[in-house]
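To start, the structure itself, in structure tokens.
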Amino acid sequence: MPELPEVERARTAIERAGLNRKIAEVDDTDTWVCRPHPPGEIADALRGRRLVSAHRQGKTMWCETSGQGRSRTPGPTLGVHLGMSGRIVITQRGGTPTEGGDRLTGPYANAQDDPNRKAIWDRFTIAFGDGGSLALFDKRRLARVRLDPDLSRLGPDAQRVDRSDFVERVARGVAPVKARLLDQSVIAGVGNLLADETLWQAKISPRRPAGELSRTELNRLYRSLQNSTQAAIEHGGVHTGEIIEFRGVGRHCPRCGTEMTVAGVGGRTTWWCPQEQN
DNA sequence: AACAATGTTCAGTC
DNA sequence: GGACTGAACATTGT
């Protein structure tokens with residue numbers, strides 16, 4: 001699931017329900033998700049502190065932490081990347097399910113109250129002193145947790161980049177424009193579904209070489225990206241986009257009725273309308 | 001059983 | 001070195 005809109009919602013959930021609660025214990029024993037930190041390293045760094053703010057650039061999130069005890073010196077930054085399927089689940093005092101957090105829905109709804117969920121799919125957990133917790137739930141296990149994450153290779157956030165910066169960065173090279181949009185060092189936050197949605201809205205073929213787009217097309221692409229991103233955040237995620245339900249064999253373009261085309265572009269399965277997207 | 005999956009990274013080629 | 005492509009990564013769902 002997680003592209004920029006889902007990560008933004010997770011960040012908001014942390015901001016609303018996960019801050020300023022004392023960290024009593026941390027389970028960082030999944031050495032794959034927490035690599036390269038050895039078990040206990042993240043726990044030792046966080047125990048006794050509090051998360052004090054939640055930030056995001058593209059699909060990368062991080063929390064700043066408080067000093068310990070009377071110390072005014074801030075703690076380390078806790079970086080979280082949701083990977084392909086990670087979600088943040090926050091519980092309140094006494095473990096009440098996810099009030100204010102990201103309630104599990106859709107195919108994972110069953111896992112919400114599954115007693116085995118924690119043991120099997122919670123890859124990283126912070127236990128707060130009040131009895132609640134913040135967990136990284138991730139079936140696919142491609143999520144990442146790390147201290148003081150390196151953000152230097154991320155481009156500007158797709159939601160905050162201004163138009164001239166966007167145009168200058170995207171309109172380069174001979175690679176397909178979709179590949180350019182997916183490159184996190186160019187613009188951070190666009191994933192496979194949001195890219196298809198944006199290109200469909202802008203009526204631009206995903207295969208067009210990025211450097212050959214006209215000024216008009218680039219402006220349209222920028223607008224479409226802003227619109228589809230904002231809509232996805234408000235409506236609950238990229239899966240709420242218009243084009244998403246038209247990914248599938250025999251499906252038709254919701255605007256013109258032409259049968260959708262599928263092919264690999266930029267290394268990902270890509271759907272587009274061959275009639276309108278040129 | 002084989003393949004795709006909303007993610008990143010790294011090896012290899014030009 | 002930069003630009004670009006494709007495979008690998010761990011696991012699940014179809």
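Proteins get letters first, then strands, A, B, ... in listed order; numbering begins at 1 in each.
- Close to B:dT8, at under 4.0 Å from its OP1 or OP2, lies a side-chain N or O of A:Gln184.
- Side-chain atoms of A:Gln159 and A:Thr229 form no donor-acceptor pair, as typed in the model, at a separation below 3.5 Å.
- The ring-ring contact (aromatic ring centres under 6.0 Å, His included) pairs that include a residue from residues 149-205 of chain A are A:Phe166-A:Tyr222, where partners are two or more places apart or lie in different chains.
- Taking atom P on both B:dA11 and C:dA10, the two are 15 Å apart, rounded to the nearest angstrom.
- In terms of phosphate contacts, A:Arg141 brings a side-chain nitrogen or oxygen within less than 4.0 Å of OP1 or OP2 of C:dT11.
- OP1 or OP2 of B:dG7 lies within a sub-4.0 Å distance of a side-chain N or O belonging to A:Arg268.
- Using a 4.0 Å heavy-atom distance criterion, A:His239 is classed as making no nucleic acid contact.
- What separates CG of A:Leu182 from P of C:dT5 is a distance of 12 Å, to the nearest Å.
- Between the C1' atoms of B:dT6 and C:dC4, the separation comes to 23 Å (whole Å).
- Whole-Å rounding puts the A:Arg247 CZ to B:dA4 C1' distance at 11 Å.
- For A:Glu6, whose side chain is taken as the heavy atoms from C-beta onward, the closest listed nucleotide among B:dT6, C:dC4, C:dA10 is B:dT6.
- With B:dT6, B:dA5, B:dT9 as the choices, the nucleotide that has an atom nearest any side-chain atom of A:Val238 turns out to be B:dT6.
- Whole-Å rounding puts the A:Arg35 CZ to C:dA10 P distance at 8 Å.
- Comparing atom distances between the A:Asn192 side chain and each of C:dT11, B:dT6, C:dG13 picks out B:dT6 as nearest.
- Taking atom CZ on A:Arg169 and atom C1' on C:dA3, their separation rounds to 15 Å, with Å as the unit.
- Distances shown here put a side-chain N or O of A:Trp121 below 4.0 Å from the OP1 or OP2 atom of C:dT12.
- When distances are taken from the side chain of A:Ala175 to each of C:dT5, B:dA4, B:dG7, the shortest belongs to C:dT5.
- Residue-level contact check: A:Gly191 touches the backbone only, with heavy atoms under 4.0 Å from sugar-phosphate atoms and none from bases.
- Side-chain proximity of A:Arg140 to C:dT12, C:dC9, C:dC4: nearest is C:dT12.
- Looking at the side chain of A:Arg123, the nearest of the listed nucleotides B:dG7, C:dT11, B:dT6 is C:dT11.
- A:Lys139 has no side-chain polar atom (N or O) that falls below the 4.0 Å cut-off from OP1 or OP2 of C:dT12.
- Under the 4.5 Å side-chain heavy-atom criterion for grouping Ile, Leu, Val, Met, Phe, Trp and Tyr, A:Leu78 is not connected to A:Leu154 through any hydrophobic cluster.
- Summarising the geometry, atom CZ belonging to A:Arg16 is positioned 8.5 Å from atom CZ belonging to A:Arg9; distances are rounded to the nearest 0.5 Å.
- Hydrophobic clustering of Ile, Leu, Val, Met, Phe, Trp and Tyr side chains at less than 4.5 Å, counting indirect connections, keeps A:Leu194 apart from A:Trp272.
- Taking atom CG of residue A:Leu193 and atom P of nucleotide B:dA4, one finds them 16 Å apart after rounding to whole Å.
- Side-chain polar atoms of A:Ser228 and A:Thr198 form a donor-acceptor pair below 3.5 angstrom.
- Residue A:Ser85 places no side-chain N or O under 4.0 Å from the OP1 or OP2 atom of B:dA5.
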